[in-house]
Undergrad: 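Sharing a structure, written as structure tokens. Questions coming.
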Amino acid sequence: VVGLRDSRDVETDAGVTRPLLGPGDVVGVDGAQAVRMVPADGATDVAANYLPFVELAVPDLPWMFTPAQATATNRLRPWLVLVCVEQRDGIDYDANGQPLPVLRLSGDDAAVELPDLAESWAWVHVQSMVRGQDIAAEAEGGTGAVTARLLCPRRLHQDRTYRAALVPAFDVGRAAGLGEDVSTFSSKGPESAASLRMGPTIVAPGEDGPGAIAAGPNTRGLAVLSGT
């Protein structure tokens with residue numbers, strides 16, 4: 001908004017209203033964005049003290065569509081998080097879900113398997129391999145020296161198989177991933193972890209879709225959570 005003074009010496013404001021893209025405008029992430037996944041897809045020799053994580057090529061992507069503001073202590077929630085769920089009875093995967101495959105969990109299973117959204121700000125950061133004064137140039141050039149890293153706050157146990165996915169952390173993003181009408185959603189989305197805790201449905205990565213993995217992210221697209 002720009003302040004103006006007209007010919008009658010009256011001050012007024014002039015501005016242009018432009019829509020901003022949010023999580024409801026995103027239904028997938030290009031698989032090429034995932035430049036590193038730990039543990040690797042299909043890994044069987046995973047260290048017990050490692051947390052699963054994925055690194056994205058665009059360093060500000062986790063916050064790019066966040067429809068919220070940072071707190072007074074500079075804690076800004078990302079619009080997507082990394083989840084890693086065990087492949088077992090009660091957790092179903094539908095590769096034919098639209099617009100993305102669907103991973104279904106009961107409410108009880110979701111409470112055990114999914115992270116707390118209230119802490120999502122703590123599990124994402126920018127990872128830089130260069131000096132501070134070089135970060136902007138390296139990020140702009142897309143050299144891979146500066147990436148976004150999303151971690152899943154859970155330990156992987158021996159002799160178990162897991163499926164990992166990027167999950168939108170706002171209700172409107174969840175609805176978009178399930179092909180639902182997003183026009184009735186507020187721009188801000190949920191205020192707490194409730195939307196992630198209560199939902200039985202996650203839309204798992206798209207594109208070729210993930211196969212069974214021993215312990216490691218397979219982030220070929222975007223994952224989404226829905227509540228009932």
Side-chain angles (χ1 to χ4, degrees), residues 28-59 61-62 78 80-97 100-117 119-120 122-129 143-169 174 177 196-197 199-226:
V29 173
D30 188 342
Q33 281 296 316
V35 295
R36 185 185 180 200
M37 296 176 285
V38 175
D41 187 13
T44 57
D45 56 348
V46 179
N49 60 333
Y50 274 37
L51 295 179
F53 70 84
V54 60
E55 291 182 356
L56 305 180
V58 177
L61 182 57
L80 75 172
V81 295
L82 181 67
V83 301
C84 190
V85 300
E86 185 179 352
Q87 293 190 199
R88 57 179 174 81
D89 291 343
I91 300 178
D92 300 320
Y93 175 65
D94 179 8
N96 297 316
L100 297 173
V102 177
L103 184 65
R104 293 187 175 88
L105 292 80
S106 69
D108 290 341
D109 285 328
V112 172
E113 298 283 344
L114 301 178
D116 188 345
L117 266 185
E119 300 175 350
S120 62
W123 300 107
V124 56
H125 62 267
V126 173
Q127 183 75 12
S128 175
M129 303 298 292
T143 63
V146 182
T147 59
R149 177 179 288 180
L150 296 99
L151 298 99
C152 178
R154 77 170 299 169
R155 301 292 185 185
L156 305 183
H157 298 284
Q158 186 176 2
D159 299 324
R160 299 183 187 180
T161 302
Y162 297 85
R163 187 186 302 277
L166 290 174
V167 181
R174 178 272 310 162
L196 187 57
R197 285 292 190 185
T201 304
I202 298 176
V203 177
E207 298 292 320
D208 296 332
I213 57 176
N218 188 327
T219 48
R220 298 284 187 247
L222 188 62
V224 184
L225 182 74
S226 90

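We count residues from 1, following the sequence as given. Given the structure is predicted, the values throughout are model-derived calculations rather than measurements.
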Undergrad: Look up atom SG in Cys152 and atom CH2 in Trp123, then write down how far apart they are to the nearest 0.5 Å.
TA: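 The distance works out to 9.0 Å.
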Undergrad: Mind checking whether Leu150 and Leu80 have side chains closer than 4.5 Å, heavy atoms only?
TA: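 Contact flag for Leu150/Leu80 side chains = yes.
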Undergrad: Is there a side-chain contact between Thr147 and Val35, using heavy atoms and a 4.5 Å cut-off?
TA: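 Side chain of Thr147 against side chain of Val35, heavy atoms only: contact under 4.5 Å found.
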Undergrad: With heavy-atom distances below 4.5 Å as the criterion, would you say the side chains of Leu82 and Leu151 are in contact?
TA: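 No, too far: nothing below the 4.5 Å cut-off.
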Undergrad: Measuring only between side-chain heavy atoms, which start at C-beta, is Leu51 closer than 4.5 Å to Arg155?
TA: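 Contact flag for Leu51/Arg155 side chains = yes.
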Undergrad: According to side chain to side chain donor-acceptor pair (under 3.5 Å), who are the partners of Gln127, at least two apart in sequence or on a separate chain?
TA: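 For Gln127, the residues satisfying side chain to side chain donor-acceptor pair (under 3.5 Å) (neighbours in sequence not counted) are His125.
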Undergrad: How close do Pro62 and Leu56 get, heavy atom to heavy atom, and via which atoms?
TA: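 Answer, listing the atom of Pro62 first, then Leu56: CG-CD1, 4.5 Å.
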Undergrad: Is any side-chain heavy atom of Arg160 closer than 4.5 Å to one of Gln87?
TA: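 They are not in contact (no side-chain heavy atoms under 4.5 Å apart), so the answer is no.
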Undergrad: Using side-chain contact (heavy atoms from CB on, under 4.5 Å) as the criterion, list what pairs up with Ala47, not counting sequence neighbours.
TA: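 Partners of Ala47 by the side-chain contact (heavy atoms from CB on, under 4.5 Å) criterion, ordered by chain and then number, come out as Asn49, Tyr50.
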Undergrad: Donor-acceptor pair, distance only, cut-off 3.5 Å: does the side chain of Arg154 make one with the backbone of Cys84?
TA: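 At least one qualifying donor-acceptor pair exists.
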Undergrad: Under the salt bridge (charged side-chain N to carboxylate O under 4.0 Å, His left out) test, which residues partner Arg88, sequence neighbours left out?
TA: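 Checked Arg88 against salt bridge (charged side-chain N to carboxylate O under 4.0 Å, His left out); matches are Glu86, Asp109, Glu113.
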Undergrad: Main chain of Pro52, side chain of Tyr162: is a donor-acceptor contact present, judged purely on distance under 3.5 Å?
TA: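 No, because the side chain of Tyr162 does not come within donor-acceptor range (under 3.5 Å) of the backbone of Pro52.
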Undergrad: Could you check Met37 against Phe53 for side-chain contact (heavy atoms from CB on, under 4.5 Å), going step by step and ending with a plain yes or no?
TA: CA-CA 6 Å; Met37 296 176 285; Phe53 70 84; over 6 Å; no
Undergrad: For a 4.5 angstrom cut-off between non-hydrogen side-chain atoms, does Val81 reach Val124?
TA: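 No. Closest side-chain heavy atoms not under 4.5 Å.
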Undergrad: Do the side chains of Leu114 and Val85 get nearer than 4.5 Å, heavy atoms only?
TA: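 They are in contact (side-chain heavy atoms under 4.5 Å apart), so the answer is yes.
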